[in-house]
Asks: 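There's a structure below that I have some questions on.
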Amino acid sequence: MCGIVGYIGDKLADSVLIVGLERLEYRGYDSAGVAVIEEGELIYRKKKGKIKILREILEKNPVGGNIGIGHTRWATHGEVSDENAHPHFDCNKKIAVVHNGIIENYIELKEELIKKGHIFSSTTDTEVIAHLIEENFNGDLFEATRKTVKLLKGAFAICVISEKEPDKIVVARFGSPLIVGIGKDENFVASDVPALLPHTKSFVYLKDSEMAVLYKDKVLFFDFDGNKIEKKIERASVEIYDVDKGDYPYYMLKEIYEQPEVAERILNDKLKGDEIFFENLNLSKSFLSKVKRVIIHACGTSFHAGLVGRFFLEKFARVYTEVDISSEFRYRNPLLEGDTLMIAISQSGETADTIAGLREAKSKFIKVLSIVNQEKSTIARESDGIIPIKAGPEIGVASTKAYTGEILCLYLFSLYLGRINYVVGEEEFKRYLKPLRDIPMKIRKILSDTSFIEELSDKYHKSKDFIFLGRGINYPTALEGALKLKEISYIHATGYPAGEFKHGPIALINPNMPCVCISPKSEIYDKMFSNIKEVAARKGIIISVATEGDEKIKEVSKHVIYIPDIIEELSPVLSIIPLQLLSYFIATKLGLDVDKPRNLAKSVTVE
Ligand code: M6R
């Protein structure tokens, strides 16, 4: 998974490419590179490290030319090194390729190419593409690329330029996203819309098995058999893709602070008086009333939101609900029957594992409803219906505002289904809607004074391990709190169901172990309290997240972070906020780049 960008027009290609790459850095930042054609010659710069290193190289050693391609890498095949940075080339460095995806049959292809005398300079899967194009080239770059893509197995979005045909960029998509940007006397291509927003608002979304040839003044579209196809130009909303960091030091902090507005936006969008309304649900009430089983699947943080969603669906709609990790779901030959609804959850809408699960369901004629933030994404486009999260762009690798947004969407959908199924009566329905309206204000309250959480981060940022415990609807909060800490601070953290802890993991507890216990007011508060006592008795350092006014919790806690009172069902939306902040403060105390943690990328577009 990586970000790719291409430009052809009158501007200096490198300046368009570098800005585009910076806007795609969320897709990976192990290495970066560009190739341009300057006065008929293919030249390139590429380097291990973040894009700012490539920018410095280009400033010191500029390239000219009005056509070029660029790449930011998240390594899959081949270590992180200068050689493995894209672009990759044919033997004579006349053809340059950038690629997002994985070529699964690259070993066989490479062996054949080596037998034919091709010399490889990297250990990537991508390099076979350049050599195959060289092998298939017979005076027509499009044809050579077309023949090549038919030999590839796996997923790819590729851009190709060659000094033999310096007036065009050839691009192809199968399984990885690719968008063509249409300009006036200039055209663009990229993995995602934000890369091109400084230049155009008009886009064409390529589908799988589609190709395009970009010239300065036109773009032609084809299928993999070489037939010309017509594509629709769509307009992107600038507002939706505003990606500035403002005065915040990191996107993650900005996004944590945006959560009250995200909640407000969701409520304004989906609540009309006392009615829940979904504009693009596309699933009739009669269909929904027959649903007997829901399968939620998602990855990472979105999976944790799904675990919270199960509580809502089973409580409000009394529908049997399973929650699966997408990468596991697809490969266990799941039972999918006609009365099942799949809910796919994804911030990016481009997560390859989630897309694969969705396609598995569609292939068995199961309806798919997606809860997605990126409304133009692959998941959104391939689903029967969508519930847009409307969180705005989430740039920080650690997902924050999308998570609380996903939970709110699941809450609303479950209530909607509960009404259809006659499980939730009118009075009860109103009772569950009422506390929703207080959510933005209550999140603001938590965010208004973070000094105590900062003090805690001061005390514990040098800890080697953390435990997060929760029960019931806040067990997913424990998982999510641990994930946030792990991914941005590199501190080992484990989330566990508090009741299960005594069945083994409690052996980990020692007097230096911070143990974050999520225990807001709930029906199982007393059970949770007993579990905390078990940890306290073994001298773990208890940091509790509890409801304002809970004095009893102090008996067992070294520190208490209070959150405002809210009904149990909505407590996960509030209890995660201090944990997001705790991770953020710990990571910044450790001097880490929280927006771009090592080894990660925002959008995981490979399986
Ligand atoms: O875009 P998605 O919601 O499909 O992404 C799923 C995960 O890759 C994502 O939530 C990941 O776990 C985040 N880094 C967590 O903060």
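Counting starts at 1 for both ligands and their atoms, in listed order.
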Asks: For atom 8 (O) of ligand 1, what is the closest protein heavy atom, and at what distance to 0.1 Å?
Replies: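 Residue, atom and distance for the closest contact: Val604 CG2, 4.0 Å.
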
Asks: side-chain contact (heavy atoms from CB on, under 4.5 Å) with Glu79: which residues, sequence neighbours excluded?
Replies: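 Listed in chain order: Ser81, Asn84.
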
Asks: Considering only heavy atoms of Val397, which atoms of ligand 1 have at least one such atom less than 4.0 Å away?
Replies: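 What qualifies from ligand 1 is 13 (C), 14 (N), 16 (O).
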
Asks: Tell me whether Tyr460 contacts the main-chain N or O of Phe466 through its side chain, where contact means a donor paired with an acceptor under 3.5 Å.
Replies: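 Side chain of Tyr460 to backbone of Phe466, a donor-acceptor pair under 3.5 Å: no, none is there.
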
Asks: Would you confirm whether Lys462, through its side chain, and Leu590, through its main-chain N or O, come within 3.5 Å as a donor-acceptor pair?
Replies: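 Absent.
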
Asks: Closest non-hydrogen protein atom to atom 7 (C) of ligand 1, residue and atom name please, with distance?
Replies: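 Result: Cys299 O, 3.7 Å.
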
Asks: Indicate whether the side chain of Ser348 and that of Gln374 have a donor and an acceptor atom separated by less than 3.5 Å.
Replies: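 Result is no, nothing qualifies.
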
Asks: Salt bridge or not between Glu25 and Lys50? Use side-chain N to carboxylate O under 4.0 Å.
Replies: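 Looking at Glu25 and Lys50, the cut-off is not met.
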
Asks: For Ala398, counting its heavy atoms only, list the atoms of ligand 1 lying under 4.0 Å from any of them.
Replies: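 Matching atoms, with element in brackets: 16 (O).
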
Asks: Please confirm whether Phe188 and Phe203 have ring centers closer than 6.0 angstrom.
Replies: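 Not close enough - the centres of the two rings lie 6.0 Å or further apart.
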
Asks: Only heavy atoms of Ser348, strictly under 4.0 Å: list the atoms of ligand 1 that pass.
Replies: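 In order of numbering, the contacting atoms are 1 (O), 2 (P), 4 (O).
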
Asks: Using a 4.0 Å cutoff against the non-hydrogen atoms of Ser399, which atoms of ligand 1 qualify?
Replies: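 Under 4.0 Å from Ser399, ligand 1 has these atoms: 15 (C), 16 (O).
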
Asks: Give me the residue, atom name and distance of the protein heavy atom closest to atom 12 (O) of ligand 1.
Replies: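 Ranking protein heavy atoms by distance from atom 12 (O) of ligand 1, first comes Gly300 CA, 3.3 Å.
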
Asks: What residue and heavy atom of the protein are closest to atom 5 (O) of ligand 1, and at what distance?
Replies: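 Of every protein heavy atom, Thr351 OG1, 3.4 Å lies nearest to atom 5 (O) of ligand 1.
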
Asks: Check ligand 1 against Lys484 and write out every atom of the ligand that is under 4.0 Å from a heavy-atom position of the residue.
Replies: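 Within the 4.0 Å cut-off of Lys484, ligand 1 contributes 15 (C), 16 (O).
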
Asks: Taking distance alone, with no angle check, do Glu487 and ligand 1 share an N/O pair under 3.5 Å?
Replies: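 Yes; at least one N/O pair falls below 3.5 Å.
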
Asks: Classify the side-chain pair Thr301/Glu480 by whether it contains a donor and acceptor separated by less than 3.5 Å.
Replies: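 On atom types as modelled, these side chains qualify, holding a pair under 3.5 Å.
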
Asks: Just to verify, what does Glu328 make a salt bridge (Lys or Arg N to Asp or Glu O under 4.0 Å) with, not counting sequence neighbours?
Replies: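 Result, salt bridge (Lys or Arg N to Asp or Glu O under 4.0 Å) vs Glu328: none returned.
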
Asks: Would you mind listing which atoms of ligand 1 come within a distance below 4.0 Å of any non-hydrogen atom of Thr301?
Replies: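 Close to Thr301: 10 (O), 12 (O), 15 (C), 16 (O).
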
